[in-house]
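Source: prediction; values computed, not measured. Whatever order the structure lists them in is the order used to number ligands and atoms, beginning at 1.
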Amino acid sequence: MKKPLALHWKIIIGMALGIVWSLLSAQFGWSTFTLNWIKPFGDIFLNALKLIALPLVLFSVIGGIIGIGNPQLLGRMGGKTLGLYLVSTVFAVTLGLVLVNLFKPGENEDVKNRLQYELWANTNEIAIKDGKCFACMEENQALVLEVEAFMATQEISDEIQGKLKTKEETQAGGPLRALVDIVPSNLFDAFVKNSMLQIIFFAIFFGLASLYIPEKEGKIVKEFIHAINEVFLKMIDFIMLLAPYFVFALMAGVLTSIAGDDFSAMLAVFEKLIYYCIVVLLGLLAMIFIFYPLLLKLFTKDFNYKEFFKNIAPAQSLAFSTSSSAATLPVTLEVVEENLKVSKKVSSFVLPIGATVNMDGTSLYQAVAAIFLAQFHMIDLSLGQQLTIIATATLASIGSAAVPSAGLVMLMIVLTSVGLNPAWIAIILPVDRLLDMVRTTVNVTGDATIATLVDKTEKHE
Ligand code: ASP
């Protein structure tokens, strides 16, 4: 009998068919049908994954801590995990900066334009902050207007408006506000707000406390948490059986809501941004295919390049199609434990934290995007400003929620930190979803890599 096709291949086929459908849909004017009758199944899939993600984080972090058992060991592992996450993120931002400075995707080579702009900028500081384009940059001006008009028609703009508000609220609370926000005053509120960090805080606290209760009760808690985790994993198995069909609906829906019935109009807007995309993609692909394998090759004995990708393919393909590390987390946990053979003890602690704080793809993209936007507006950033970008992109990626477009919203913080206009995110918005898909794949691959490294070093000691 023929072996059934592996799940990741089915997901990839579903994705490809979804893309083909969206093209046909644009060509033949089926977008209303696609949005009404196909896209909802993609939304159902995302909802189901998100439904499981938060309680899974809660129970798997508690389970992870109880599994480690010894608070001292936990401290050491926690330190190692966060250290490795930080190193890989700083590497990713630096790689992004090097690439964008090398290829200069936003640079306008017209010297006359540049001189005119500089003269204009010197005499008109406010307008730079406004982020409006100028008579001497007609081409860019036309593009920005086109992009803004396009943005107005997108549902994503509402979504981003909503996120903007929360960002403003956060900034209003003083320097320690972010710290205060990690501690929830009400666990249910943390669930309602989808706050992974607050849930992780509660889980670590709960897990630690349960290490200090009498052995008899401790055993009951341990078994209870273990049993609940098993149920969640089964739920994921059930959802994943249908994943290829859902992914088809997801891709068809996402692309159709971007392109509508007019794909060629979209492509015209994209043209100027293609070079920028290529540079971001170059960096992201280098992370996936060179950096992580190299790390694993250097620090683990039995690394096999092909096997590694075969093993994590289900998580990568899901990250690509959902653009959310949080929604992918259940599957990341499964493949890292079962295929990469990382102990449950390590994976259930390292991965949920990684999904929230470790976003190498996001930080790389933020660095490239910030410099691209500066180049696009003919602004040279000094070395000091570029170093500031390393720091803020690292922090912004840590602060980004593991959901679609979060990195784009946090990019505003990076832009503000070097005096650029946060509203410029509108310019790159049309191509953001594609980049989001790939950077989420990097984020998830990074988490899996670090989990493997932590596991290997723990075993050797
Ligand atoms: N979508 C990304 C993630 O969930 C975050 C981002 O927007 O960069 O990992």
Would you kindly specify which portion of [X] sits under 4.0 Å from ligand 1, judged on non-hydrogen atoms: side chain, backbone, both or neither?
{"X": "Ala326", "value": "neither"}
{"X": "Val403", "value": "backbone"}
{"X": "Ser323", "value": "backbone"}

>> Using 30° and 60° as the class boundaries, would you call the ring planes of Phe201 and Phe205 parallel, tilted or perpendicular?
In response: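 The arrangement is tilted - the two ring planes meet at 30° to 60°.
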
> For the residue pair Tyr305 and Phe289, is the inter-centroid distance of their aromatic rings smaller than 6.0 Å?
Replying inline: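 No, the ring centres sit 6.0 Å or more apart.
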
> Is the Phe308 to Phe303 ring centre distance short of 6.0 Å?
Replying inline: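 Between Phe303 and Phe308, which both carry aromatic rings, the centre distance is below 6.0 Å.
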
Can you tell me which residue and heavy atom of the protein come closest to [atom], and the distance to 0.1 Å?
{"atom": "atom 3 (C) of ligand 1", "answer": "Ser325 OG, 3.1 Å"}
{"atom": "atom 2 (C) of ligand 1", "answer": "Thr440 OG1, 3.3 Å"}
{"atom": "atom 7 (O) of ligand 1", "answer": "Gly407 N, 2.7 Å"}

> Looking at Ser324, which atoms of ligand 1 are within less than 4.0 Å of one of its heavy atoms?
Replying inline: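 Those of ligand 1 that fall under 4.0 Å from Ser324 are 4 (O).
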
>> Apply side-chain contact (heavy atoms from CB on, under 4.5 Å) to residues Leu364 and Val368 and explain how you reach the verdict.
In response: CA-CA 6 Å; Leu364 184 147; Val368 178; 4.2 Å; yes

> Which is closest to atom 1 (N) of ligand 1 in terms of heavy atoms, Leu411, Asp436, Thr362?
Replying inline: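 The residue whose heavy atom sits nearest atom 1 (N) of ligand 1 is Asp436.
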
>> Return the CD1 to CD1 distance between Ile204 and Ile199, rounded to the nearest 0.5 Å.
In response: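 Between atom CD1 of Ile204 and atom CD1 of Ile199 there are 12.5 Å.
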
>> Rounded at 0.5 Å granularity, tell me how far CE in Met251 sits from CH2 in Trp21.
In response: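 Answer for the CE-CH2 pair, Met251 versus Trp21, is 15.0 Å.
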
>> Is there a polar contact, in the sense of an N or O pair closer than 3.5 Å, between Leu408 and ligand 1?
In response: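 No, there is no polar N/O contact under 3.5 Å.
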
>> Would Met359 count as being in polar contact with ligand 1, using the rule that some N or O on each side must be under 3.5 angstrom apart?
In response: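 In fact, backbone or side chain, Met359 has no N or O that close.
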
>> For Lys80, is there an ion pair with Glu458 - N to carboxylate O distance below 4.0 angstrom?
In response: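 The answer is yes: the pair qualifies as a salt bridge.
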
